[in-house]
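Beneath this line is the structure, given in structure tokens, with notes to follow.
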Amino acid sequence: MKKKSHYQAEIAGTGIYLPEKILTNADLEKTLDTSDEWIRTRTGIQERRIAQKDESSSTLGAHAAKNTLNAAGMTPDELDMIIVCTSTPDVLYPSTACFVQKNLGASKAAAYDISAVCSGFVFGLSIAEQYIKSGRYENVMVIGAEVNSRIMDWTDRKTCILFGDGAGAVIVKRVEKEEPIGILSSHIYSDGNHSDMLIVPGGIGREPVNREAVDNKMYCLKMAGQSTFKMAVKRMTEVSRECLEFNGLSTEDVDVVIPHQANRRIIETVSEKLNMSIDKFFINIHKYGNTSAASIPIALHEARESGRLESGALSLLTVLGAGITWGAAAIRW
Ligand code: COA
């Protein structure tokens, strides 16, 4: 008897956009008490991209979205939904996704932002997966876009060396196939007990913009580096295992892990804990630093472009971000 086919969430295209301006570790040496050697050995980062004045999350996101539409051979009016995952929106409201929608001319698409910081893209992918698998929508675009440079304290060597700007996107498409394809499953979690671990404490509701908030740089990212490091290793390892077990898969089945690019040492420790060769992990942190919600879609696109995600390949996405939030997703190409 023919097996009943059901809706699956295939990745129809990927695309990225990075600002042209490059800020190297050597550039940072000129303004901070730091060194290229310290940054490279402690983080793996060599350079990061910085948005120009007239660029923002919506402009970077729209560029990535157009590249993704081209890659998928689709037009903007085919999009049913645009989810922008960002922690550095253009304005408080309306959502950055509405600016992207306007820029694309995607008149049919419901457009809105979600905020799960570095985990944003996996959270967004999970929302797209549900809309697609339920049959409600045919094409959902998920964009991760950030201008982290706008919330950095450029005098704080413990944080500003880590982050960069950029955008990446995917189109999640509804297909009916018998064999498992596309997003096999996604798993997302939050624990608000650790909300102070990584936080931009001011500039809005709790601490509105005022002279004192500006003087204390309350609009900038504050981070407890070591606790975040440990939490990232623990949660990314745990949720990776859960995701594989859920699908009846083992680490040996995975062709490429696409980890959040926060620190090369975090990625190496996760690879050790999972007992997986580091060669299976796609790493591009040296070029871009941590681009928060854009980190995974940029890495996903580059892994695909490099030929590592051919048809049939299995990729495992894993992430931790402020909130704290964490998640994983398995994608069959
Ligand atoms: N250049 C030179 N020295 C620096 C430095 C820099 N950019 N940043 C910190 N240091 C110094 C510290 O001041 C400290 O000096 P001290 O011992 O004299 O006080 C020393 O280096 C060690 O600092 P420490 O904070 O213990 O370093 P670390 O090995 O934990 O590395 C991070 C710091 C931030 C790189 C690391 O903790 C990290 O990556 N954490 C996770 C961050 C993250 O992933 N965030 C995003 C999650 S989505």
Side-chain angles (χ1 to χ4, degrees), residues 19 21-51 57 86-88 115-120 146-166 191-204 206-207 212-236 259-270 283-296 298-299 319-326:
K21 186 173 180 241
I22 295 174
L23 184 71
T24 64
N25 293 345
D27 293 328
L28 286 169
E29 281 178 353
K30 292 176 196 150
T31 54
L32 278 175
D33 180 15
T34 190
S35 66
D36 173 51
E37 207 263 332
W38 193 97
I39 301 172
R40 267 191 297 108
T41 52
R42 298 286 183 122
T43 72
I45 301 165
Q46 292 173 22
E47 57 189 44
R48 66 287 292 143
R49 300 299 178 97
I50 304 292
S57 289
T86 187
S87 46
T88 48
S115 168
V117 200
C118 296
S119 305
E146 303 279 10
V147 282
N148 285 316
S149 59
R150 305 275 157 81
I151 55 161
M152 285 303 119
D153 174 353
W154 288 102
T155 64
D156 177 10
R157 67 179 185 172
K158 288 188 174 178
T159 51
C160 75
I161 55 131
L162 294 172
F163 293 87
D165 302 339
D191 182 356
N193 288 311
H194 301 290
S195 50
D196 286 340
M197 206 178 264
L198 255 139
I199 189 167
V200 179
I204 188 173
R206 198 199 286 181
E207 181 83 50
E212 203 188 336
V214 172
D215 288 347
N216 293 329
K217 295 195 173 150
M218 300 295 272
Y219 55 89
C220 293
L221 172 93
K222 319 275 179 202
M223 182 182 71
Q226 285 185 8
S227 335
T228 309
F229 189 107
K230 287 181 197 146
M231 196 60 90
V233 170
K234 177 175 155 44
R235 294 305 195 187
M236 286 167 69
H260 174 45
Q261 314 280 318
N263 183 323
R264 191 185 165 96
R265 288 189 298 131
I266 293 178
I267 298 173
E268 287 166 352
T269 316
V270 170
I283 302 177
N284 62 2
I285 191 169
H286 53 288
K287 296 192 289 183
Y288 308 128
N290 181 349
T291 55
S292 301
S295 147
I296 287 193
I298 293 172
V319 68
L320 175 123
I324 61 170
T325 51
W326 66 101

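Small disclaimer: the values here were computed from a predicted structure and weren't measured.
Between Val319 and Met236, the shortest heavy-atom contact is C-CG, 3.6 Å. Taking both residues in full, the closest heavy atoms of Gly321 and Ser119 are given as N-OG, 3.1 Å, listed atom of the first, atom of the second, then distance.
Every residue two or more places apart in sequence or in another chain was checked for a salt bridge (charged side-chain N to carboxylate O under 4.0 Å, His left out) with Asp215, and none qualifies. Applying the side-chain hydrogen bond (donor to acceptor under 3.5 Å, both in side chains) test to Glu146 and every residue at least two apart in sequence or in another chain returns Thr86, Ser87, Thr88. In terms of the side-chain contact (heavy atoms from CB on, under 4.5 Å) criterion, residue partners of Thr269 (sequence neighbours excluded) are, by chain and number, Phe229, Val233, Lys273. Contacts of Arg264 classified as side-chain contact (heavy atoms from CB on, under 4.5 Å), with partners at least two apart in sequence or in another chain: Glu268, Ile278, Ile283, Ile285. Applying the salt bridge (charged side-chain N to carboxylate O under 4.0 Å, His left out) test to Arg150 and every residue at least two apart in sequence or in another chain returns nothing. With sequence neighbours excluded, the residues satisfying side-chain contact (heavy atoms from CB on, under 4.5 Å) with Asp156 are Asp153, Lys158, Thr159. For Thr34, the side-chain hydrogen bond (donor to acceptor under 3.5 Å, both in side chains) test picks out no residue, with sequence neighbours left out. By the side-chain contact (heavy atoms from CB on, under 4.5 Å) test, Gln226 pairs with no residue at all, sequence neighbours left out. Every residue two or more places apart in sequence or in another chain was checked for a side-chain hydrogen bond (donor to acceptor under 3.5 Å, both in side chains) with Thr291, and none qualifies. In terms of the salt bridge (charged side-chain N to carboxylate O under 4.0 Å, His left out) criterion, Lys222 has no residue partners (sequence neighbours excluded). Contacts of Asp191 classified as salt bridge (charged side-chain N to carboxylate O under 4.0 Å, His left out), with partners at least two apart in sequence or in another chain: none.
The closest donor-acceptor contact from the side chain of Arg157 to the backbone of Leu32 lies at 3.5 Å or more, if one exists at all.
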Without placing hydrogens or testing angles, list every side-chain donor-acceptor pair under 3.5 Å for residues 43-51, not counting sequence neighbours.
{"residue": "Thr43", "atom": "OG1", "partner": "Ile39", "partner atom": "O", "Å": "2.5"}
{"residue": "Thr43", "atom": "OG1", "partner": "Ile45", "partner atom": "N", "Å": "3.0"}
{"residue": "Arg48", "atom": "NH1", "partner": "Leu23", "partner atom": "O", "Å": "2.9"}
{"residue": "Arg48", "atom": "NH1", "partner": "Asn25", "partner atom": "OD1", "Å": "2.9"}
{"residue": "Arg48", "atom": "NH2", "partner": "Asn25", "partner atom": "OD1", "Å": "2.9"}
{"residue": "Arg48", "atom": "NH2", "partner": "Ile161", "partner atom": "O", "Å": "2.8"}
{"residue": "Arg49", "atom": "NH1", "partner": "Pro19", "partner atom": "O", "Å": "2.9"}

